[in-house]
Amino acid sequence: MKKGYEVIIVGGGIVGCSIAFELAKRGVTDVLVVEKGYLSSGATGRCGAGIRQQWGSELNARIALESTHIFENLEEYTGYNHSVGLHQGGYLLVAYTEKEWAQFQKNLEVQHKLGIESRAVDLKEAREIVPYLNTDGMFGATFNQKDGHADPFHCTQAYAQGAKRMGVEFLTYTEVTGFRTVGGNIAGVETTKGYFEAKKVINCANVYAPMLAAMVGEDIPVTSERHQALVTEPVAPLIDCMVMSFHRGYYVQQTPHGSFVMGIGPREEPSFNSKSSWQFLEQNCAIMCEALPILRKLKVVRQWAGQYDLSPDRNPVIDEAKEAKGFYSVCGFSGHGFMVAPRVAILVANHITGQSDTMDIKMFSQERYKTGELLLEPSVV
């Protein structure tokens with residue numbers, strides 16, 4: 001391998017790989033992606049793989065909308081010769097309180113301003129969309145047919161292989177151990193496989209991003225939270241969409257081959273614990289069997305855990321280090337990095353290459369936590 005690169009990206013999940021691809025599209029092909037495991041071995045490969053446009057803030061709704069347009073054509077966009085498994089069966093977001101139902105109406109106004117075709121549905125139509133849904137205690141729901149899910153491994157590989165064809169290099173099973181700076185600028189990356197010079201470094205290491213940023217003097221307020229999920233045995237088609245509740249903190253979907261994937265929002269202290277627990281299995285099954293009683297007969301095949309990189313306002317941090325110019329951190333997606341990665345990658349690549357963008361990257365600076373100009377999002381699990 002070479003001794004130096006124009007750009008080194010740390011993290012081989014969908015965020016790192018999509019940024020590598022977008023940089024290469026803009027002519028920056030002297031790029032190395034460093035990943036401590038295999039591509040998608042971190043948060044990307046452990047996510048619920050959902051893609052939705054039903055957000056409460058205009059910023060998130062817009063990023064999700066534009067990302068969805070890319071997901072819909074990702075094979076052609078990246079030159080990938082395999083399906084990325086996109087299935088747009090829709091999201092049914094259910095409201096269990098009057099306050100939540102009122103927020104859903106506000107969310108719809110935001111979405112409709114952007115041309116997002118979400119709509120409110122009453123409980124009768126909710127049961128038509130999901131025939132086995134227990135609507136007791138619900139006030140209503142919203143639905144968007146364009147929402148859905150995709151295969152996170154194939155989506156990441158689509159970006160990675162597209163980047164490789166344009167000259168980007170990948171170094172897997174390699175851990176970053178430090179950075180070198182010269183005169184307040186990033187100069188290189190120390191790894192378990194040697195030192196590499198770099199004019200720019202993009203830190204996409206998810207929950208480990210704050211640790212890496214600390215090595216160049218940055219204090220990023222992003223914490224790690226364990227989230228667990230499980231998958232059942234495959235059965236004949238029962239539901240076609242994702243069902244999600246913010247109030248009760250659950251999501252559930254049936255995959256194209258018949259298995260159900262589901263999870264619940266935790267109430268845990270920050271940790272790097274990636275082991276699954278029997279407590280989750282018990283709590284998840286109780287909540288989900290109440291929401292969809294037909295699930296009671298299904299057998300659980302396996303369960304797993306992954307990490308959310310939680311920011312204070314549940315929106316990403318995209319920022320350049322003050323004491324190491326050329327070092328950028330892209331993290332804090334709070335569990336939604338997969339679904340917004342396509343548009344975020346364009347934003348970052350445009351900034352790195354000095355190209356204009358219709359979004360202002362400065363709004364994602366962590367300075368907002370000091371000024372109080374937070375990017376608040378009311379619709380997160």
Side-chain angles (χ1 to χ4, degrees), residues 10-16 35-37 40-50 57 60 152 175-178 203-230 244-251 262-284 287 303-319 321 327-341 344 364-381:
V10 183
I14 192 168
V15 174
E35 164 57 46
K36 70 176 183 178
S40 306
S41 61
T44 298
R46 297 167 182 267
C47 74
S57 71
N60 280 333
E175 190 168 352
V176 170
T177 57
N203 172 19
C204 304
N206 194 260
V207 294
Y208 300 101
M211 297 179 187
L212 297 181
M215 295 178 182
V216 296
E218 287 291 288
D219 182 17
I220 298 179
V222 168
T223 58
S224 175
E225 182 178 77
R226 178 175 66 166
H227 281 245
Q228 301 181 64
L230 63 81
M244 178 180 286
S245 165
F246 301 119
H247 179 69
R248 297 190 178 179
Y250 69 74
Y251 67 88
M262 64 190 76
I264 55 175
R267 290 166 177 80
E268 301 183 5
E269 294 296 317
S271 77
F272 290 90
N273 183 3
S274 291
K275 295 182 179 180
S276 58
S277 67
W278 64 264
Q279 290 94 340
F280 161 76
L281 182 63
E282 186 177 71
Q283 294 166 4
N284 181 89
I287 291 172
Q303 63 185 88
W304 68 91
Q307 302 293 330
Y308 275 23
D309 54 341
L310 293 176
S311 71
D313 59 0
R314 303 302 187 260
N315 270 294
V317 171
I318 305 174
D319 211 354
F327 182 98
Y328 296 86
S329 291
V330 184
C331 61
F333 290 95
S334 305
H336 307 111
F338 174 71
M339 68 177 71
V340 299
V344 169
F364 296 104
S365 166
Q366 62 174 329
E367 284 296 311
R368 70 184 188 266
Y369 301 128
K370 298 177 182 177
T371 63
E373 299 176 359
L374 303 183
L375 303 174
L376 297 176
E377 171 55 57
S379 301
V380 292
V381 174

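Residue numbers start at 1 and run along the sequence shown.
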inquiry  = Counting neighbours of CD on Glu269 that are heavy atoms of other residues, nucleotides or ligands and sit closer than 6.0 Å, is the number greater than 12?
reply    =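 It does not: Glu269 CD has 12 such atoms or fewer within range.
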For [X] versus [Y], what's the shortest heavy-atom pair and its separation?
X	Y	value
Ser276	Ala305	N-CB, 4.1 Å
Val216	Ala321	CG2-CB, 4.1 Å
Tyr251	Met244	CB-CE, 4.0 Å
Pro221	Gln366	CD-OE1, 3.1 Å
Tyr369	Ser311	OH-CB, 3.4 Å
Val15	Gly337	CG2-O, 4.2 Å

Under a 4.5 Å cut-off applied to non-hydrogen side-chain atoms, are [X] and [Y] in contact?
X	Y	result
Phe333	Pro316	yes
Tyr208	Val10	no
Gln228	Glu268	yes
Phe272	Met211	yes
Val317	Phe364	no
Leu281	Gln303	yes
Phe327	Asn203	yes

Output the distance between atom [atom1] ([X]) and atom [atom2] ([Y]), rounded to the nearest 0.5 Å.
X	Y	atom1	atom2	answer
Ile14	Cys47	CD1	SG	8.0 Å
Arg46	Ser40	CZ	OG	11.5 Å
Ser277	Arg226	OG	CZ	4.5 Å
Asn60	Leu376	CG	CG	10.5 Å
Ile287	Met262	CD1	CE	11.5 Å

query = Distance-only, no hydrogens or angles: does the Asn315 side chain make a donor-acceptor pair with backbone N or O of Leu375 under 3.5 Å?
reply =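 It does hold such a pair.
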request  = Please check if the side chain of Glu377 supplies one atom and the backbone of Ser57 the other of a donor-acceptor pair under 3.5 Å.
outcome  = yes
inquiry  = For residues 308-318, which residue pairs pass the salt bridge (Lys or Arg N to Asp or Glu O under 4.0 Å) check, not counting sequence neighbours?
reply    = Asp313-Arg368
inquiry  = I'd like to know if the side chain of Gln307 pairs up with that of Ser224 as donor and acceptor (distance under 3.5 Å, no hydrogens or angles considered).
reply    =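 There is such a pair between these side chains.
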task = Could you verify whether a donor N or O on one side chain and an acceptor N or O on the other, from Ser365 and Asp319, lie under 3.5 Å apart?
result = yes
inquiry  = Parallel, tilted or perpendicular, judged at 30° and 60°: which one describes the rings of His336 and Tyr308?
reply    =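 Aromatic pair His336/Tyr308 classed tilted.
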request  = Identify which one of Ser271, Pro266, Ser334 satisfies the side-chain contact (heavy atoms from CB on, under 4.5 Å) criterion when paired with Glu225.
outcome  =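 It is Pro266, the one option of Ser271, Pro266, Ser334 that forms the side-chain contact (heavy atoms from CB on, under 4.5 Å) with Glu225.
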